[in-house]
Amino acid sequence: MDRHAVAPVSSPEEVLDADRRAAAVERALGRISPRHQYVVRARMGFDGPPMTYKSIGAELGVCGQRARQMEHDALRRMRLQGGLWEYRA
C-alpha cells in the first residue's frame, strides 16, 4: 500500500501524520486474525481494487452479509486493540 497515495499532502507535518496513521493501521491489522485481515484489506483495496462483500464472501465461503459482519468486527477490534480510537471516522 502506498501510504502517500491516500490523500495529497502539502507539509512535512501532514506527511509525518500520514506515515503515523499508516503504521498504526498496520499494527492494528497485525493484532487481528488473518481471516479478518483479509476482509479489511480486500474491502479497503489495500492489495488491489476494493472488493464487494459478496465477492469477499465467495472467496471465504460465506455469504456477503457474513463478510460485512466480519469487517465490522475486525474494525471494532482494530480500534480497541490496535489503538486506533483516535482515527475513528
Side-chain angles (χ1 to χ4, degrees):
M1 178 174 98
D2 182 4
R3 292 182 260 194
H4 303 293
V6 175
V9 291
S10 58
S11 73
E13 293 82 15
E14 290 173 329
V15 171
L16 183 59
D17 188 49
D19 284 345
R20 286 180 180 158
R21 277 182 285 162
V25 168
E26 288 298 328
R27 277 192 310 275
L29 278 168
R31 292 186 173 112
I32 60 176
S33 74
R35 193 167 165 96
H36 282 89
Q37 286 180 31
Y38 173 77
V39 172
V40 172
R41 287 182 175 280
R43 186 72 180 140
M44 302 295 173
F46 282 25
D47 304 316
M51 294 174 66
T52 64
Y53 293 123
K54 184 176 180 178
S55 58
I56 294 168
E59 290 280 327
L60 296 176
V62 298
C63 68
Q65 176 63 19
R66 178 65 187 132
R68 188 198 64 76
Q69 291 169 348
M70 290 174 70
E71 179 195 35
H72 177 78
D73 185 48
L75 294 175
R76 182 182 55 80
R77 289 175 191 223
M78 287 172 67
R79 278 193 299 270
L80 294 174
Q81 297 173 6
L84 293 181
W85 58 87
E86 63 194 66
Y87 299 114
R88 186 174 184 174

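Keep in mind that the numbers below use all heavy atoms, side chains included, and drop hydrogens, waters and symmetry copies.
Shown here for Ile32 and Ala74, the closest heavy-atom pair between the two residues is CD1-CB, 3.9 Å. Here the shortest heavy-atom pairing between Ala67 and Gly57 reads CB-N, 4.0 Å. Val25 and Met78 get closest at one heavy-atom pair: O-CE, 4.0 Å.
The side chain to side chain donor-acceptor pair (under 3.5 Å) search around Arg35 returns none, not counting sequence neighbours. Taking the salt bridge (charged side-chain N to carboxylate O under 4.0 Å, His left out) definition, one finds that Arg66 meets it with nothing, sequence neighbours left out. Residues that satisfy the side chain to side chain donor-acceptor pair (under 3.5 Å) test with Tyr38, not counting sequence neighbours, are absent from this structure. For Gln37, there are no side chain to side chain donor-acceptor pair (under 3.5 Å) partners, not counting sequence neighbours.
Taking CD of Glu71 as the start and CZ of Arg43 as the end, the distance is 5.5 Å to the nearest 0.5 Å. A distance of 10.0 Å separates CZ in Arg20 from CD in Glu13, rounded to the nearest 0.5 Å.
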Task: Stepwise side chain to side chain contact (heavy atoms under 4.5 Å, CB included) test for Met44 and Leu75 - done: CA-CA 11 Å; Met44 302 295 173; Leu75 294 175; 4.2 Å; yes
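A chain of hydrophobic side-chain contacts below 4.5 Å, direct or via other Ile, Leu, Val, Met, Phe, Trp or Tyr residues, connects Met51 to Val62.
A salt bridge links Asp73 with Arg76; the closest basic N to acidic carboxylate O contact falls under 4.0 Å. The pair Arg41-Glu26 meets the salt-bridge criterion, with a side-chain N (NZ, NE, NH1 or NH2) lying under 4.0 Å from an Asp/Glu carboxylate O.
A 4.5 Å side-chain heavy-atom check between Gln65 and Tyr53 finds every atom pair outside the cut-off. Side chains of Arg68 and Ile56 form no contact here, defined as non-hydrogen atoms less than 4.5 Å apart.
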